[in-house]
Each structure stands twice: as C-alpha cells, then as structure tokens.
Q: 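Structure provided below as structure tokens; questions to follow.
Atoms considered below: every heavy atom in the structure, side chains included; atoms not considered: hydrogens, waters and symmetry mates.
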Amino acid sequence: MKQPSSGFTLIELIVVIALISLFLVFAIPKLGEVSESDLRRDIRHIIGTISYLHDEAIMKRREFRLNYNIAMGEYWATEIVKEGPIGEVKKFENTFIKKNRLSGNIRFRDIMVPGHQGAVEEFFTYFYPTGWVEKTIIHLQQGEDKYYTLIVMPLTGKVKVYEGYVEEQ
C-alpha cells in the first residue's frame, strides 16, 4: 500500500511560481500609476481649493487665505474677519474645504510668494474681495526626482500647472 505524499510536486510548484510571476508582471507597473494618480489628485484638490476660495472671497466680500505648512505637507483655509480695528483669523471649514495633507511620498518642495523672503515653514496665499489673489508658486515633489509647479495667477485666481521645477513665469 502506497502512502500519500505530503509535499508538492515539481509541476505544482512551477505552476504556482508562474502564476505569481504573471501577477507581478501586471501589478508592479500599476503601483507607479497609483502614486501618479495620488499626485494628480493632490494637484486637482489644491487647484479646486484655490478656485473655491477665490469665488468665496468675491461672493462674501471677505478676505480669505490658504495656509501651507511645508514641513507637515498640510494646507487649510482661514477667513479673515475684520470687526473693529483688528482683523481676526478664523479657521474656515465647510463640506468642501477642510484641512488636507498631501498623499504618500508627495510633499511641498517649496512655496514662493513675491515679497515674502526667507525660509519659513508656513506660507499664505491671500484672496481679496476684489478678486485679486497673491501670486504664489507652489513646487510639489514626488519621490526624489519628479516635480510639478503650480502658479497662481493674481488677476484671475486661475492656476497654471507645469511639469518640472519652474522658477517663475
């Protein structure tokens, strides 16, 4: 009487290794697409936030600002309420605007606002009731070598997106 074998045959092992290899061939390229889609999502969200704050400033006739914490990779909106001689800064949150953090290995490389000099961890983009927006250049970095530049246009509040690290337009 023959005893049943307790191991796998060579053919079974080859089939399993072939299936795992086939899976990896299709899955590994998709991992890069996931991080690329995270980057595109973050860019779209920043652009949407800027557009929304621009419209809110005009509609509500109030001053807003978009705050960036470079070290933490966060951004959020505040409303500047001017009652009396001193304006008060209030956190501005609603269904559309909340404190956000950049995804995965995406980070703020730097942010440049003309007139603001020096290495600072927090920057602001101001949105005025007249429709004027402070020109802001946002450099996003993914990994070690991929950069995107977002330039906020002062007259329209629109954002131009460039692949690569662009100094100024």
Side-chain angles (χ1 to χ4, degrees), residues 28-83 86-169:
I28 288 176
K30 296 289 182 194
L31 294 177
E33 290 176 18
V34 168
S35 64
E36 182 73 23
S37 68
D38 285 347
L39 178 62
R40 285 193 302 263
R41 186 186 69 237
D42 282 347
I43 289 171
R44 278 193 311 271
H45 195 271
I46 291 170
I47 291 170
T49 300
I50 289 168
S51 177
Y52 185 82
L53 289 175
H54 177 257
D55 294 346
E56 282 291 298
I58 293 170
M59 199 167 57
K60 290 187 174 181
R61 310 231 26 89
R62 293 222 170 152
E63 211 172 289
F64 289 87
R65 81 180 181 197
L66 184 57
N67 307 269
Y68 312 91
N69 183 313
I70 294 174
M72 299 297 292
E74 297 175 334
Y75 58 99
W76 65 95
T78 50
E79 180 177 9
I80 300 178
V81 181
K82 293 188 177 179
E83 295 174 2
I86 306 172
E88 178 185 351
V89 177
K90 290 184 175 178
K91 191 172 184 183
F92 178 72
E93 277 195 5
N94 63 22
T95 311
F96 305 107
I97 304 292
K98 295 184 172 138
K99 189 171 196 172
N100 290 286
R101 178 172 285 185
L102 297 173
S103 308
N105 68 342
I106 302 162
R107 66 184 185 93
F108 291 116
R109 171 70 174 90
D110 56 48
I111 297 174
M112 293 186 279
V113 179
H116 300 266
Q117 299 296 326
V120 184
E121 278 194 18
E122 287 198 13
F123 276 94
F124 313 105
T125 300
Y126 283 93
F127 299 83
Y128 299 99
T130 59
W132 182 265
V133 180
E134 257 187 328
K135 182 175 184 177
T136 307
I137 301 171
I138 304 165
H139 292 114
L140 295 175
Q141 181 176 0
Q142 181 180 32
E144 293 299 318
D145 59 348
K146 188 164 198 137
Y147 295 95
Y148 277 86
T149 302
L150 285 66
I151 300 179
V152 182
M153 306 311 289
L155 293 174
T156 62
K158 301 291 182 209
V159 180
K160 292 185 178 181
V161 180
Y162 299 94
E163 190 168 346
Y165 191 98
V166 177
E167 289 293 328
E168 194 166 338
Q169 291 286 323

Q: Using side chain to side chain donor-acceptor pair (under 3.5 Å) as the criterion, list what pairs up with T125, not counting sequence neighbours.
A: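 Partners of T125 by the side chain to side chain donor-acceptor pair (under 3.5 Å) criterion, ordered by chain and then number, come out as Y68, T136.
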Q: Which heavy atom of F108 sits nearest to which heavy atom of L102, and what is that distance?
A: N-CD1, 3.5 Å
Q: To the nearest 0.5 Å, how far apart are CD1 in I50 and CG in D55?
A: 12.0 Å
Q: What are the two closest non-hydrogen atoms of L39 and Q142, and how far apart are they?
A: CD2-OE1, 3.5 Å
Q: Measuring from E144:CD to N105:CG, what's the distance to the nearest 0.5 Å?
A: 9.0 Å
Q: By side-chain contact (heavy atoms from CB on, under 4.5 Å), which residues pair with I47, not counting sequence neighbours?
A: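 So I47 forms a side-chain contact (heavy atoms from CB on, under 4.5 Å) with I43, L150, V159, V161.
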Q: Specify the closest pair of heavy atoms between R41 and D38, including all atoms of both residues, with the distance to one decimal.
A: NH1-OD1, 3.1 Å
Q: Let me see the working for L66 and F124 under side chain to side chain contact (heavy atoms under 4.5 Å, CB included), right down to the final yes or no.
A: CA-CA 5 Å; L66 184 57; F124 313 105; over 6 Å; no
Q: Does any part of the side chain of W132, heavy atoms only, come nearer than 4.5 Å to the side chain of L155, both counted from C-beta?
A: yes
Q: List the atom of A57, the atom of Y128, and the distance in Å for their closest heavy-atom pair.
A: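 For A57 versus Y128, the nearest heavy atoms are CB-O, 3.7 Å.
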Q: According to side-chain contact (heavy atoms from CB on, under 4.5 Å), who are the partners of R109, at least two apart in sequence or on a separate chain?
A: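 Result, side-chain contact (heavy atoms from CB on, under 4.5 Å) vs R109: R107, H139, Q141, Y147, Y165.
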Q: For a quick test of reading the model, state the closest non-hydrogen atom pair linking K135 to P154 and the distance between them.
A: CB-CG, 3.9 Å
Q: I need the H45 NE2 to Y52 OH distance, nearest 0.5 Å.
A: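 Result: 11.5 Å between the selected atoms.
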Q: Hey, could you give me the CG/NZ distance between L53 and K60, rounded to the nearest 0.5 Å?
A: 10.0 Å
Q: In chain order, what residues pass the side-chain contact (heavy atoms from CB on, under 4.5 Å) check against T156, with sequence neighbours excluded?
A: M153, K158
Q: In Å, rounded to the nearest 0.5 Å, how long is the span from OH of Y162 to CD of E167?
A: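 One finds 13.5 Å between OH of Y162 and CD of E167.
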Q: Checking R101 now: which residues fulfil salt bridge (Lys or Arg N to Asp or Glu O under 4.0 Å) with it, not counting sequence neighbours?
A: E74
Q: Which pair of non-hydrogen atoms, one from V152 and one from E134, has the smallest distance, and what is that distance?
A: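 Here V152 and E134 meet closest at CG1-O, 4.2 Å.
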Q: Among residues at least two apart in sequence or on other chains, which ones pass ring pair (Phe, Tyr, Trp, His ring centres under 6.0 Å) with F127?
A: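 If we apply the ring pair (Phe, Tyr, Trp, His ring centres under 6.0 Å) test to F127, skipping adjacent residues, there are no hits.
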Q: If you round to the nearest 0.5 Å, how far is OG1 of T149 from CD1 of I138?
A: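 Those atoms lie 10.0 Å apart.
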